[in-house]
Amino acid sequence: MVMPTIRFSFAALLCIILYTILHPTYNTLMIFAAILIHEAGHIAAIGIIGGKIERIDITPFGLIIRRSRLISSYTNDFFVYISGPALNFVFALAFLPCLSALDNPLSLFAFQNLSFGLLNLLPVSSLDGGRAIESLILINHDEEAARRCTKILSAVVLLCAWIAAIYFLLFTGSGISIFLFSFWLLLSVFMK
């Protein structure tokens, strides 16, 4: 078995170090664990369908797994995209009994896995949910129609999230992270 090339950007390393310094809590550890579990789900699915991972890029915005397209189909793509959130949900359910004690690090682990899985299932083209929807549309439609449909869906979902974030900012004084995250995702949809 040939190991894939792993590329680690300096910006990603800097973001990880800064986040860890600014938030030295169990929460940070649980977020990183949920991310690794999520990506392990994608990697396992690629192995199950007989795919080959060529390269893994570690960026400030997550991991990008580059795989060979030789045996892929749209249903296989759907399976790969959905497997990351699915594994997050499996871990969230496994640690669900720990949620009774909210100060328990394992309850935080269950919550982070649930949150990360749900976030990635948003129907946004740069997230797993959007890619999964696009792969389902591609089963019966051409690439242009699928991309147009997911772009419109992404824009509507992100515009709603951005408006909600503005509301929270104006009326509660919080929500800056949702505001910035939804704005960044909205830009990423139109920059493609």
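This is a predicted model, so every value here is computed, not measured.
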Can you check whether [X] reaches [Y] side chain to side chain, under 4.5 Å on heavy atoms?
X	Y	answer
L127	L121	no
H42	D128	yes
Y81	S135	yes
D57	R66	yes
F111	S107	no
N88	L114	no

Between [atom1] on residue [X] and [atom2] on residue [Y], distance to nearest 0.5 Å:
X	Y	atom1	atom2	answer
M30	I35	CE	CD1	13.0 Å
R131	I82	CZ	CD1	12.5 Å
F79	I49	CZ	CD1	7.5 Å
I48	N76	CD1	CG	10.5 Å
F78	I139	CZ	CD1	8.5 Å
L106	F95	CG	CZ	5.5 Å

Cluster link L36 to V90, ILVMFWY, side chain under 4.5 Å: no
If two hydrophobic side chains count as joined below 4.5 Å and joins carry through other members, does I64 share a cluster with L14? no
Do you know which two heavy atoms are closest between [X] and [Y], and how far apart they sit?
X	Y	result
V80	S83	O-OG, 2.7 Å
A92	A110	CB-O, 3.5 Å
L87	A40	CD2-C, 4.2 Å
G117	P85	O-CB, 3.7 Å

Check against salt bridge (Lys or Arg N to Asp or Glu O under 4.0 Å), D77 and R67: CA-CA 11 Å; D77 287 347; R67 61 188 168 112; 2.5 Å; yes
For I37 and F109, what are the C-alpha separation, side-chain angles and deciding distance, and is it a side chain to side chain contact (heavy atoms under 4.5 Å, CB included)? CA-CA 11 Å; I37 287 166; F109 182 66; 3.3 Å; yes
Heavy-atom count check: over 12 atoms from other residues, nucleotides or ligands less than 6.0 Å from F89 CZ? yes
Indicate every side-chain donor-acceptor pair of residues 153-167 with a distance under 3.5 Å to a residue at least two apart or in another chain.
| unit_1 | atom_1 | unit_2 | atom_2 | d |
| --- | --- | --- | --- | --- |
| S154 | OG | S125 | N | 2.6 |
| S154 | OG | T150 | O | 2.7 |

Go through the steps to decide whether N113 and H38 satisfy the test side chain to side chain donor-acceptor pair (under 3.5 Å), and finish with yes or no. CA-CA 8 Å; N113 273 286; H38 179 90; over 6 Å; no
